[in-house]
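Data first, discussion second: the structure below is written as structure tokens.
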Number of protein chains: 2
Amino acid sequence: MDVRTVCLGILSRGSATGYEIQKAMKEGWPSLFFEASYGSIYPALAKLTDEGLVTCREETEVGRPDRKVYSITPEGDQAFSQSLLKPLTPDRYRSDFLAMIYFSDSLPPALLQKYLDDRIREHQSELQLIDELSEGDQTPGEAFLMEWGRRINQLCIEFIADNRDVLEDGVVVQQAEAAE
Amino acid sequence: MDVRTVCLGILSRGSATGYEIQKAMKEGWPSLFFEASYGSIYPALAKLTDEGLVTCREETEVGRPDRKVYSITPEGDQAFSQSLLKPLTPDRYRSDFLAMIYFSDSLPPALLQKYLDDRIREHQSELQLIDELSEGDQTPGEAFLMEWGRRINQLCIEFIADNRDVLEDGVVVQQAEAAE
DNA sequence: GCTTCCATGTAATAGGTTACATGATTTG
DNA sequence: CAAATCATGTAACCTATTACATGGAAGC
């Protein structure tokens, strides 16, 4: 699922500007599964407009660029529904944090501690974000994502707290050999 | 952390061919935080060799391309250690699955069910992979990643099983309004 | 007075994937 | 007998990021 499709999906929930779409990907529910910068969102919206999948209503503004409110068209709705029928591509996950864990024996212990502390704080921020998003009514998808996000972040915080000594003490774990 | 750096990190654990590095990113511990295709790995190794961060020993093979075994140099070791000192970039996560959840009200119910079933199977496969990787001795980093992977995947399986009815019944969740 | 928010967009660049090219050996 | 495994590499392509360009209004 590329920027194009996610923009279309967000617009299927209601009209928005490019700026608002980016905000949704950064601080809204979509931030839990996607992110993109202006440099990809604006061209995507321009292309979707060319193809007739969205329309654009311009509102003249003073002192800043005209506000362009994009709305999905019936063709856009159909295109989006069809894109959901295509097989899902595998999740793409890339984590400097987990890489750092894997290579943590090449790391100064003080830095390892800092990275772990930082990480806990990041998970706490995300829990707070989810709390803020959770105010008001929710679609089933939002309710599911909310609890999902809570559980995952809680688990991560708890897990780091409970298991950081394995990394910090640098003990090599040996497999119990019951077979001998 | 780009392909270049992860290749270097993997080579810091022992010599390997490009093929083996790709396998590690696909089926080894590194698969938990990184993935890359040959098209990026081979050029990265060539460049690292040019820069003197790795060396390459060629073993003549019959019926297939020469096997090129890469080994990290002292300069490479140092370069890798230093790259771990640079601030970690935020995790990058992109999930068609969670996007599908978010937009699940635009989805035929039968397809939603299939996606959820498939997802549970994927998490089970990953648990199995982790079990296979867990045989033998482990570094602290590996032990941490092992348990991390187990817990996350177990949580996901359990969570989907427990909460899928929220999506499948399509009930709109309303916030309890205690303040009124 | 500084920072953040609003608001759009482009150009250069980075970083990667996909498909292609080749082909023997082992496993089911 | 087909498929997977081993094994390397390139070229075309795609997608997205980063940095730049612009600037007023509102909040702290």
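We name chains A, B, ... by the order of the sequence lines, and we start the count at 1 in each one.
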Taking atom types as modelled, is there a side-chain donor on B/Thr139 or A/Asp105 under 3.5 Å from an acceptor on the other? no
Counting only N and O atoms by type, is there a donor-acceptor contact under 3.5 Å from the side chain of A/Ser125 to the main-chain atoms of A/Arg121?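 Confirmed, A/Ser125 side chain pairs with A/Arg121 backbone.
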So, does B/Ser40 use its side chain to make a donor-acceptor pair with the main chain of B/Ala36 at under 3.5 Å? no
Between protein and nucleotides 19-28 of chain D, what N or O pairs are separated by less than 3.5 Å?
unit_1: D/dG24; atom_1: O4'; unit_2: A/Gly63; atom_2: O; d: 3.2

Round to the nearest Å and state the distance from [X] atom [atom1] to [N] atom [atom2].
X: A/Lys26; N: C/dA7; atom1: NZ; atom2: P; result: 15 Å
X: A/Glu27; N: C/dT4; atom1: CD; atom2: P; result: 13 Å
X: A/Glu58; N: C/dG9; atom1: CD; atom2: P; result: 8 Å
X: B/Asp66; N: C/dG23; atom1: CG; atom2: P; result: 15 Å
X: B/Gln22; N: D/dC6; atom1: CD; atom2: P; result: 11 Å

Between [X] and [N], is there a side-chain N or O to OP1/OP2 distance below 4.0 Å?
X: A/Ser37; N: D/dA16; answer: no
X: B/Lys23; N: D/dA7; answer: no
X: A/Arg94; N: C/dG15; answer: no
X: A/Ser40; N: D/dT15; answer: no
X: B/Thr17; N: D/dT8; answer: yes
X: A/Arg4; N: D/dT15; answer: no

Which residue, A/Asp117, A/Ile101, A/Leu112, A/Asp169, forms the side chain to side chain contact (heavy atoms under 4.5 Å, CB included) with A/Arg164? A/Asp117
Check every atom of C/dC5, C/dT17, C/dG9 against the side chain of A/Arg92 and return the nucleotide holding the closest atom. C/dT17
Among the nucleotides D/dA7, D/dT17, C/dG15, which one has an atom lying closest to any side-chain atom of B/Tyr42? D/dA7
Take B/Arg150 and B/Asp131 through the salt bridge (charged side-chain N to carboxylate O under 4.0 Å, His left out) test and state the conclusion after the steps. CA-CA 9 Å; B/Arg150 283 209 179 115; B/Asp131 279 343; 2.8 Å; yes
Which of parallel (below 30°), tilted (30 to 60°) and perpendicular (above 60°) describes A/Trp148 and B/Phe97?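 Correct class here is tilted.
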Which comes earlier along DNA chain D counting from the 5' end, the contact point of A/Asp2 or that of B/Lys68, where each point is its nearest nucleotide? B/Lys68
Indicate, with a heavy-atom threshold strictly under 4.0 Å, whether B/Ala36 touches base, sugar-phosphate, or nothing. sugar-phosphate
What distance do A/Arg13 atom CZ and B/Ser106 atom OG have between them, rounded to the nearest 0.5 Å?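 With rounding to 0.5 Å, CZ (A/Arg13) is 5.5 Å from OG (B/Ser106).
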